[in-house]
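Notes for the one structure printed next.
Chain A is the first sequence line, chain B the second, and so forth, proteins listed ahead of strands; every chain is numbered from 1. Atom set for the values below is all heavy atoms of this structure, side chains included, hydrogens, waters and symmetry mates excluded.
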Number of protein chains: 2
Amino acid sequence: MNIGRAAEEANLPPKTIRYYEEIDLIRPSRAPNGYRDYSEADLHRLRFLQRARSLGFTIEECRLLLSLYDDHNRASSDVKAIALGKIGAIDRKITELAALRATLTRLVETCHGDDRPDCPIIDDLAGQGARVEP
Amino acid sequence: MNIGRAAEEANLPPKTIRYYEEIDLIRPSRAPNGYRDYSEADLHRLRFLQRARSLGFTIEECRLLLSLYDDHNRASSDVKAIALGKIGAIDRKITELAALRATLTRLVETCHGDDRPDCPIIDDLAGQGARVEP
DNA sequence: TATAGGGATTCCAGCAAATGGAAGGTCAAG
DNA sequence: CTTGACCTTCCATTTGCTGGAATCCCTATA
């Protein structure tokens with residue numbers, strides 16, 4: 001199966017699939033004309049990658065998950081631990097975004113938003129820096 | 001004021017400040033010895049950048065905000081529109097992350113997480129691809 | 001005065017995770 | 001035989017920095 005078809009099947013752009021090959025996540029065979037030739041097993045891997053990436057796993061996490069996927073003797077707890085870690089990271093990200101949103105909302109609410117140049121948002125940005133470690 | 005001191009004042013790493021100069025967000029003068037010399041106005045810009053970046057504005061948005069900051073005749077509604085757009089983007093991101101979290105939580109809950117190789121998480125990843133536009 | 005240290009300077013490389021584009025090879029249809 | 005849709009490789013770009021090397025500058029102390 002050519003890369004274009006595999007791309008459709010896996011719901012990934014061809015460029016991305018080539019990139020995954022470049023970083024050794026998948027190794028399709030080649031047809032006599034030099035075209036990549038994807039097997040059903042390859043397609044499974046590609047769909048796996050598409051799904052895992054869309055769930056927010058990094059490439060390196062995908063690599064790890066794939067090795068667990070390949071290892072039919074691994075414990076399910078290994079996989080569960082990775083997923084739990086990811087949920088924790090998502091929670092932290094959501095908390096962070098919620099705080100951002102709250103700050104921006106407060107700023108927006110105090111800005112009259114008309115033709116006058118006076119703007120509390122700009123004033124806030126100009127006023128004080130948030131304390132964040134460099 | 002040297003870059004190190006400016007970095008402390010603005011709560012930004014010196015490397016980042018040099019980077020901001022490279023992309024024309026700030027143009028400090030130079031001391032006779034070639035060192036960058038930051039004025040109070042420069043510091044304001046740096047603090048502005050630190051704050052805006054920490055609020056999730058992209059560099060290009062910061063560039064726009066700075067131009068509004070510089071333009072004392074701009075309408076506050078211009079600034080408000082940018083902030084509102086950012087809030088919308090944050091909301092979309094949070095929604096997305098919440099969905100991710102829900103999926104992962106469901107997977108984790110169905111995984112027994114013990115020494116057995118059978119794992120619903122892996123099965124799900126291998127099973128079907130989420131429909132996402134390439 | 002020599003030297004040691006702590007800053008400063010430049011430039012080059014690289015991170016994630018693709019994506020865009022150019023130059024060219026292959027294939028099937030009309 | 002040509003057109004157009006694929007495919008190939010390679011190189012550059014994106015975002016927002018960060019790390020490191022080589023070199024320079026300034027101050028303080030022995």
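- Looking only at side-chain heavy atoms (C-beta outward), A:Y69 and A:V79 stay at 4.5 Å or farther from each other.
- Taking the salt bridge (Lys or Arg N to Asp or Glu O under 4.0 Å) definition, one finds that A:R27 meets it with A:D24, sequence neighbours left out.
- By the salt bridge (Lys or Arg N to Asp or Glu O under 4.0 Å) test, A:R45 is found to be paired with A:D70, residues two or more places apart in sequence or in another chain being considered.
- Phosphate proximity of D:dT15 to B:R63: absent, as no side-chain N or O sits under 4.0 Å from OP1 or OP2.
- We find that CZ of A:R18 is positioned 15 Å from P of C:dG21, with the value rounded to whole Å.
- A residue-by-residue look at A:F57 and B:R36 shows that B:R36 has its nearest nucleotide of DNA chain C further toward the 5' end.
- Axis angle between the ends of the helix from C:dT1-D:dA30 to C:dG30-D:dC1, five pairs each and rounded to 10 degrees, works out to 30°.
- Going from atom CD of B:E61 over to atom P of D:dG16 covers 9 Å, rounded to whole Å.
- Taking atom OH on A:Y20 and atom P on C:dA16, their separation rounds to 13 Å, with Å as the unit.
- Note: B:I87 CD1 to B:I82 CD1 = 12.5 Å, rounded to the nearest 0.5 Å.
- With distances taken from any side-chain atom of B:R53 to the nucleotides C:dT9, D:dC17, C:dA17, the minimum falls on D:dC17.
- Of the two residues near DNA chain D, A:N2 and B:T58, the one whose nearest nucleotide lies more 5' is A:N2.
- Put simply, CG on B:L49 is 12 Å from P on D:dG16, counting in whole angstrom units.
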Contact list (N/O, under 3.5 angstrom) for nucleotides 21-27 of chain D vs protein:
from	atom 1	to	atom 2	distance (Å)
D:dC26	OP1	B:N33	ND2	3.4

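- Take A:D91 and apply the side-chain hydrogen bond (donor to acceptor under 3.5 Å, both in side chains) test, not counting sequence neighbours, and it matches B:R101.
- Taking 4.0 angstrom as the limit, B:T16 places none of its side-chain polar atoms (N or O) nearer than this to OP1 or OP2 of D:dG16.
- One interatomic measurement links the two molecules: CD of A:E22 to P of D:dA12, which rounds to 14 Å at whole-angstrom precision.
- Evaluation of the side-chain hydrogen bond (donor to acceptor under 3.5 Å, both in side chains) rule for B:K86 yields B:E61 as partners, not counting sequence neighbours.
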Dump every N/O contact between nucleotides 2-4 of chain C and the protein below 3.5 Å, one line per pair.
none

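- Nucleotide D:dC7 holds its C1' atom 16 Å from the CE atom of A:M1, rounded to whole Å.
- Regarding A:I23, its CD1 atom lies at a distance of 12 Å from the P atom of C:dT19, rounded to whole Å.
- Here D:dT13 presents its P atom at 16 Å from CD of B:E60, a figure rounded to the nearest Å.
- For the pair B:R53 (side chain) and B:F57 (backbone), a donor-acceptor distance under 3.5 Å is present.
- Under the side-chain hydrogen bond (donor to acceptor under 3.5 Å, both in side chains) criterion, B:D42 pairs with B:S39, sequence neighbours left out.
- For B:R18, there are no salt bridge (Lys or Arg N to Asp or Glu O under 4.0 Å) partners two or more places apart in sequence or in a different chain.
- For B:A7, the side chain to side chain contact (heavy atoms under 4.5 Å, CB included) criterion is met by B:P14, B:I17, not counting sequence neighbours.
- Scored by the salt bridge (Lys or Arg N to Asp or Glu O under 4.0 Å) test, B:K93 finds B:E96 as partners (sequence neighbours excluded).
- Residues passing the side-chain hydrogen bond (donor to acceptor under 3.5 Å, both in side chains) test with A:R63, sequence neighbours excluded: A:E60.
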